[in-house]
Amino acid sequence: LTSALVPLSLQFLCHAHDVEPDWAMRPEPGTGVIVSGGPGVLGGMGGVDAEGMHRSEEEEEEEELSDAAAVALERLAMSLGAKEVVQVALPSCAQLLSDNASWQQRRAALLAIGLLGESCNKELKTELVGLCNAVAHHTQHPHPRVRHAALECMSRMANDHTDTDF
């Protein structure tokens with residue numbers, strides 16, 4: 001898909017699921033592909049670049065894609081069920097946090113983990129210690145956008161899991 005079609009495609013898939021919930025549960029559409037694709041698209045989530053400069057048109061487009069992916073991930077978690085989304089999204093995020101992943105992939109995974117907390121709070125409780133360790137590790141990453149994403153993720157997790165004892 002071209003970058004212009006990705007937000008529209010994500011919106012369509014979420015809407016189709018809202019209208020026909022059983023559709024996503026069938027094996028043919030590949031719900032796992034839809035859910036696991038969400039974290040990867042989040043890699044474009046922007047702000048100010050590493051040098052503090054304003055974003056280019058390309059970076060603005062990346063942010064639009066990542067915003068669409070974030071909305072799609074949250075909508076799928078609410079409509080499919082948090083358990084199903086966590087079962088697919090966490091392994092995808094773990095792969096994106098691997099040693100051979102690019103900084104964009106690591107950033108995408110951290111942002112996705114942070115976004116999952118609100119809609120998948122209960123389902124993540126058993127994974128919190130491991131997730132916190134993985135996220136904390138990335139606060140020392142050489143790339144500033146990865147460090148920022150790790151801190152943002154930790155902040156979201158702290159807010160979403162205030163009732164959890166570690």
Side-chain angles (χ1 to χ4, degrees), residues 1-3 5-7 9-10 13-14 24 27 29-51 55-56 58-59 61-77 80-161 164 166:
L1 290 176
T2 65
S3 59
L5 290 176
V6 172
S9 299
L10 288 170
L13 290 170
C14 288
T31 303
V33 173
I34 296 167
V35 175
S36 64
V41 178
L42 288 167
M45 263 191 163
V48 178
D49 70 11
E51 291 80 34
R55 292 178 293 233
S56 68
E58 182 178 306
E59 290 169 322
E61 187 175 290
E62 286 178 1
E63 185 172 357
E64 186 178 315
L65 290 174
S66 62
D67 289 347
V71 168
L73 193 59
E74 187 173 9
R75 283 181 68 184
L76 288 171
L80 283 176
K83 182 179 178 182
E84 288 78 9
V85 171
V86 166
Q87 288 176 344
V88 175
L90 284 185
S92 296
C93 289
Q95 184 179 10
L96 293 174
L97 290 173
S98 69
D99 288 337
N100 59 351
S102 69
W103 72 265
Q104 293 96 333
Q105 291 171 316
R106 291 170 189 262
R107 184 169 177 264
L110 292 166
L111 294 172
I113 291 168
L115 289 169
L116 285 173
E118 187 175 346
S119 53
C120 303
N121 193 320
K122 274 194 291 187
E123 290 71 20
L124 289 176
K125 282 190 184 214
T126 59
E127 305 291 333
L128 273 180
V129 172
L131 286 173
C132 287
N133 288 334
V135 171
H137 172 74
H138 285 84
T139 61
Q140 302 300 314
H141 192 275
H143 199 284
R145 285 182 150 187
V146 174
R147 292 193 305 267
H148 180 268
L151 292 171
E152 185 175 325
C153 180
M154 290 182 79
S155 173
R156 285 178 179 266
M157 288 170 56
N159 285 330
D160 293 338
H161 302 284
T164 303
F166 289 95

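Positions are given from 1 along the sequence.
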* To do: State the NZ-CG distance between Lys125 and Asp160, to the nearest 0.5 angstrom.
  => 11.0 Å
* Taking all heavy atoms of Ala109 and all of Cys93, pick out the closest pair and write down the distance. => CB-O, 3.5 Å
* Asked: Rounded to the nearest 0.5 Å, how far does SG of Cys120 lie from CD of Glu127?
  -> 12.0 Å
* To do: Give, for atom NE2 of His141 and atom CH2 of Trp103, the distance between the pair rounded to the nearest 0.5 Å.
  => 9.5 Å
* To do: Answer whether the closest heavy-atom distance between the side chains of Ile113 and Leu97 falls below 4.5 Å.
  => yes
* When rounded to the nearest 0.5 angstrom, what is the spacing between CG in Leu116 and CE in Met157? -> 10.5 Å
* Asked: Do Arg147 and Thr139 touch side chain to side chain, with heavy atoms closer than 4.5 Å?
  -> no
* **Atom CD of Gln95: over 12 foreign heavy atoms under 6.0 Å** => no
* Heavy-atom neighbours of His148 NE2 exceed 12 at 6.0 Å -> no
* Structure fact -> Test side-chain contact (heavy atoms from CB on, under 4.5 Å), reference Leu110, set Val146, Leu151, Leu96, output is Val146
* Rounded to the nearest 0.5 Å, what separation is found between the NE2 atom of His138 and the NE2 atom of His143? -> 13.0 Å
* List in chain and number order the residues that pass side chain to side chain donor-acceptor pair (under 3.5 Å) with Asn100, two or more places apart in sequence or in another chain; answer none if no residue qualifies. => Ser98
